[in-house]
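Have a look at the structure below before the remarks.
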Amino acid sequence: MKKIDVLYVGIMLVGAFWAFIVTSNSEPISRVTPCKLVDIIAQSDKYISTDELARRLMSDDPTLTLIDLRNKQEFNSYSLNGAINIPLQDLLNKQYVDIINQDVQTVIFYSNSSDLAVKAWMLTQRMGYSNNYILKGGLNRWVETILRPEEPSATATLADYEKYSFRKAASAYFGGGSVTGESVSKKPALHIKRRKKAAAGGGCD
Amino acid sequence: MKRYLIIYLVGLLALSSCNTKQDIRFKLSPEEAAQEANSGSYVISPELLGDIYYSMDKSSNYQFIDLRTPLLYDNGHLKGAINIPFTALSHNHNCETFISQKHINIIYGESTEQVIFAGFLLQQLGIQNYFIILGDYDFIENNIIKHYNVLSAPYNPEIAQYNYAKIVKETAGSQNYSGGGKTAKPTLHIKRRKKAAAGGGCD
């Protein structure tokens, strides 16, 4: 082998090493770049309203997975029906990957407002997961719209009244005190009238 | 051999130019970002915002960035703010201004959610000299800039504004859930009357 050939091979090896360093600094292919993430955020349908969630919960939608991102104490105090508690800082732990990386289930993140859910959603998009949504307004909005819906004004549209009507029904379902009169938790007493059985006659008087 | 070396070097140059185009990279991995997600240190307090806003002049190092649409921006914006619509954030020039560390950027937008998206993005990029203003433009304008009032001070949407468990307990619905799991349905006790002994026969 000529000296010049050895030099060429040396240059190639140095180049290969440099190329390895350059490419290893970039994001893994499976994860999105910052600019791509911005586009995803701007274009995605990422929110689910409290009304839509109430509707799906009331119809016992089996494809729904609710993730409560608050701490354990807050979760134990109150959570939505069927929710799983994954505090935000633990969201990307390996044990939860199968829950949040879903093709079939619709995963909905919520916290007291949208704050933690927005961050959780952003992290899942960065990981390339799909089917994740943010409960718009979180539990605070859940109370304002579902548990304690506000009656529309006299000039409100029919659609507003229909929405209010649905929310009142949802409030009764989930419990919120919007329904006046008798407490909704008490089921009406079941009155079963039984016909008096006639005494069996017969025998000798 | 010389010819192969030239081809090889051209290939390497092409590879390096592809990579230098993507010079905006995440500094934090998703796992690290999750760990730091609860930090709200980059949220500006209403007091500081008021101080900065009213003492701002040409020499100050602060720059307001309005993330709303150009139409909303034209209808009204904070004094001295520049408009970088969130939907156009990834455009090259916008992106550079947005992550620029020349000024301390103070970012506001259409909603708290939009601003949190922007702020969390900057946090993951490792940018440090920025603030975000929570609340939409109207809230900022009415409760901080024009009238600093009691609503301005404690503003943090992530705080529970209600005692959820208490609200549900007051008038429990059939599907409420509070801590200890679903309440068991009361057992239905149906008292049945004793059947009268069948009469008959001879006494």
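Keep in mind that what you see is a predicted model, and the values were worked out from it rather than measured. Throughout, protein chains are lettered first and strands after them, A, B, ... in sequence-line order, and every chain is numbered starting at 1.
- Atom CD of A/Glu52 sits in a crowded spot, with more than 12 heavy atoms from other residues, nucleotides or ligands closer than 6.0 Å.
- For a residue to count as touching a neighbouring chain, one of its non-hydrogen atoms must lie under 4.5 Å from one of that chain's; by this rule B/Leu121 touches chain A with backbone and side chain alike.
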Under the side chain to side chain contact (heavy atoms under 4.5 Å, CB included) criterion, do B/Glu113 and A/Tyr47 qualify, and how do the steps go?
-> CA-CA 10 Å; B/Glu113 287 90 355; A/Tyr47 294 113; 3.1 Å; yes

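- Surrounding CD of A/Glu150 are at most 12 heavy atoms belonging to other residues, nucleotides or ligands under 6.0 Å away.
- Counting heavy atoms from C-beta outward, A/Leu123 and B/Gln124 have side chains that approach closer than 4.5 Å.
- A 4.5 Å side-chain heavy-atom check between B/Leu125 and A/Pro34 finds at least one atom pair inside the cut-off.
- Legend: residues meeting side-chain hydrogen bond (donor to acceptor under 3.5 Å, both in side chains) with B/His91, ordered by chain and number and at least two apart, are absent.
- Judged by distance alone, the side chains of B/Tyr162 and A/Glu144 do bring a donor and an acceptor atom under 3.5 Å apart.
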Under the side chain to side chain contact (heavy atoms under 4.5 Å, CB included) criterion, do A/Asn112 and B/Ile159 qualify, and how do the steps go?
-> CA-CA 6 Å; A/Asn112 290 328; B/Ile159 290 174; over 6 Å; no

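- Pairs engaging residues 110-131 of chain A under the ring pair (Phe, Tyr, Trp, His ring centres under 6.0 Å) rule: A/Trp121-B/Phe117 [sequence neighbours left out].
- Residue A/Tyr78 holds its OH atom at 8.5 Å from CD1 of B/Ile167, rounded to the nearest 0.5 Å.
- Of residues 74-87 of chain B, those residues with a non-hydrogen atom less than 4.5 Å from any non-hydrogen atom of chain A are, in numerical order, B/Phe86, B/Thr87.
- Under the 4.5 Å side-chain criterion, counting only non-hydrogen atoms from C-beta, B/Glu31 is in contact with A/Met127.
- In this structure, CG in A/Asp39 is found 9.0 Å from CG in B/Leu89, a value given to the nearest 0.5 Å.
- Of all the listed residues (A/Leu92, A/Val118, A/Ile134), the one sharing the greatest number of non-hydrogen pairs under 4.5 Å with chain B is A/Val118.
- Counting heavy-atom neighbours within 6.0 Å of B/Gln101 CD, excluding the residue itself, gives a total above 12.
- Evaluation of the ring-ring contact (aromatic ring centres under 6.0 Å, His included) rule for B/Tyr42 yields B/Tyr130 as partners, not counting sequence neighbours.
- With a 4.5 angstrom heavy-atom cutoff, A/Lys46 touches chain B only via side-chain atoms.
- Going from atom CG of A/Leu88 over to atom CG of B/Asn38 covers 5.0 Å, rounded to the nearest 0.5 Å.
- Between the CG atom of A/Leu91 and the CD atom of B/Gln35 there is a distance of 10.5 Å, given to the nearest 0.5 Å.
- Between A/Lys119 and B/Ala37, the shortest heavy-atom contact is NZ-O, 2.7 Å.
- Remark: the A/Asn140 side chain and the B/Tyr164 side chain contain an N/O donor-acceptor pair separated by less than 3.5 Å.
- Contacts between A/Leu69 and chain B at a heavy-atom distance below 4.5 Å are absent for every atom of the residue.
- Pairing each heavy atom of B/Ala165 with each of A/Ser77, the nearest pair is CB-O, 3.4 Å.
- Between atom CD1 of residue B/Ile116 and atom CG of residue A/Asp115 there is a gap of 3.5 Å, rounded to the nearest 0.5 Å.
- Rounded to the nearest 0.5 angstrom, B/Glu158 CD and A/Leu139 CG are separated by 9.0 Å.
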